[in-house]
Amino acid sequence: MITYSVVVKMYLNAGIPESAVQVLEMMENQNDIEPDSCLIHYMFRVYHKCNMPVKAAELYYRIVRAGLKWDGAMYNCIINCCGRALPIDEVSKVYDDMIKSGFLPNTITINVMIDIYGKAGLLAKAYNVLRLARKHTLSDIISYNTLISAYGKWKDYARMEETLHEIHRGGFPVSIEACNSMLDAYGKAGQLKEFQDVLEQMRTTGCNFDLMTYNIMLNVYGKHGLVEEITDILSKLKEGGLQPD
RNA sequence: GCCUCUU
């Protein structure tokens with residue numbers, strides 16, 4: 001078992017988790033190996049990196065059945081590596097459990113939880129995660145970007161704009177990801193006035209457009225048949241040597 | 001260490 005840990009860890013650190021998967025398959029075929037918490041960590045990371053949500057979820061249910069106590073690192077690992085592979089109620093339970101047991105999530109766990117709740121439309125829960133994070137200075141610009149994207153997806157434009165103001169108040173520079181999320185939200189909703197306002201804000205604050213910005217603009221203008229604008233963007237992209245998708 | 005957000 002120690003040997004498996006060492007080898008799996010080595011492949012992970014070498015950036016070739018695919019090889020680690022092969023080793024884990026050998027281990028499974030051996031049947032009599034009970035991974036310790038250290039190896040379980042590595043296994044979660046391997047399945048996450050190799051996009052194997054079914055294996056990650058299997059491993060999760062296996063350690064739940066084992067009924068051992070988890071430390072803070074294990075909670076972080078589970079949420080980071082298989083949060084999206086589990087039903088929302090299950091991740092929610094893990095997260096609540098973590099807090100109740102007195103462990104503080106790390107920033108990435110915070111951001112994953114905001115994203116999971118946000119994508120599921122559980123916006124109040126997403127916001128509560130951010131509040132907890134702020135209280136312990138665990139939030140970063142990605143926490144805000146993620147929440148903005150969630151409010152945009154679910155058309156809560158007031159809270160979306162409010163979150164943008166919170167970024168300003170928190171002293172973070174406004175990020176291109178937040179702006180792109182807002183553009184996409186307004187664009188999809190056909191709110192072209194607000195869409196233009198965001199673009200104007202970006203110009204005045206010196207937030208440079210990136211390829212994603214142009215892709216969003218192309219989608220929106222295309223849907224509304226704004227031929228001249230499209231032509232203009234395409235020539236700008238050509239100048240920059242960029243390819244829209 | 002975990003490496004998370006936008007078409």
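Below, chains carry the letters A, B, ... as their sequence lines are ordered, and counting in each starts from 1.
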Applying salt bridge (Lys or Arg N to Asp or Glu O under 4.0 Å), run through A:Asp184 and A:Lys188 and close with a yes or a no.
-> CA-CA 6 Å; A:Asp184 184 52; A:Lys188 285 214 172 96; 2.9 Å; yes
Bounds of contact between RNA chain B and chain A, in 5' to 3' order, using a heavy-atom cut-off under 4.0 Å |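 Endpoints of the contacted stretch of RNA chain B: B:rG1 to B:rU7.
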Say whether A:Val6 and A:Ile16 are linked into one hydrophobic cluster, either directly or through other cluster members, by side-chain heavy-atom distances under 4.5 angstrom.
->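 Different clusters: A:Val6 never reaches A:Ile16 through Ile, Leu, Val, Met, Phe, Trp or Tyr contacts under 4.5 Å.
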Are A:Leu68 and A:Met98 connected in a single hydrophobic cluster, I mean Ile/Leu/Val/Met/Phe/Trp/Tyr linked by side-chain heavy atoms less than 4.5 Å apart?
->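 No, it is not one cluster - the side chains of A:Met98 and A:Leu68 are not joined through contacts under 4.5 Å.
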Ring centroid separation for A:Tyr42 and A:Tyr4, is it under 6.0 angstrom?
->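 Distance test on ring centres: not under 6.0 Å, no.
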Might you point out which heavy atoms bring A:Glu166 and A:Leu130 nearest each other, and give the distance in Å?
->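 Minimum heavy-atom contact is OE1-CD2, 4.5 Å.
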Mind checking A:Ile142 for me? I need base, sugar-phosphate or nothing, with any heavy atom below 4.0 Å counting as a touch.
->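 A:Ile142: base contact, heavy atoms under 4.0 Å.
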Please work out if A:Lys9 contacts a base, only the sugar-phosphate, or nothing of the nucleic acid, heavy-atom cut-off 4.0 Å.
->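 Answer is nothing: A:Lys9 stays at 4.0 Å or more from every strand.
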Strand-adjacent residues in residues 181-196 of chain A, judged by heavy atoms under 4.0 Å from RNA chain B |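 A:Ser181, A:Asp184, A:Lys188, in order of number.
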Working for side-chain hydrogen bond (donor to acceptor under 3.5 Å, both in side chains), residues A:Asp140 and A:Asn111 = CA-CA 9 Å; A:Asp140 65 3; A:Asn111 293 342; 3.2 Å; yes
Flag the pair A:Trp154 / A:Arg159 as yes when at least one side-chain heavy-atom distance between them is below 4.5 Å, and no otherwise.
->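 Result no, sub-4.5 Å side-chain heavy-atom pair not found.
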To the nearest 0.5 Å, how far apart are CG in A:Asn76 and OG1 in A:Thr109?
->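 If I round to the nearest 0.5 Å, the distance is 3.5 Å.
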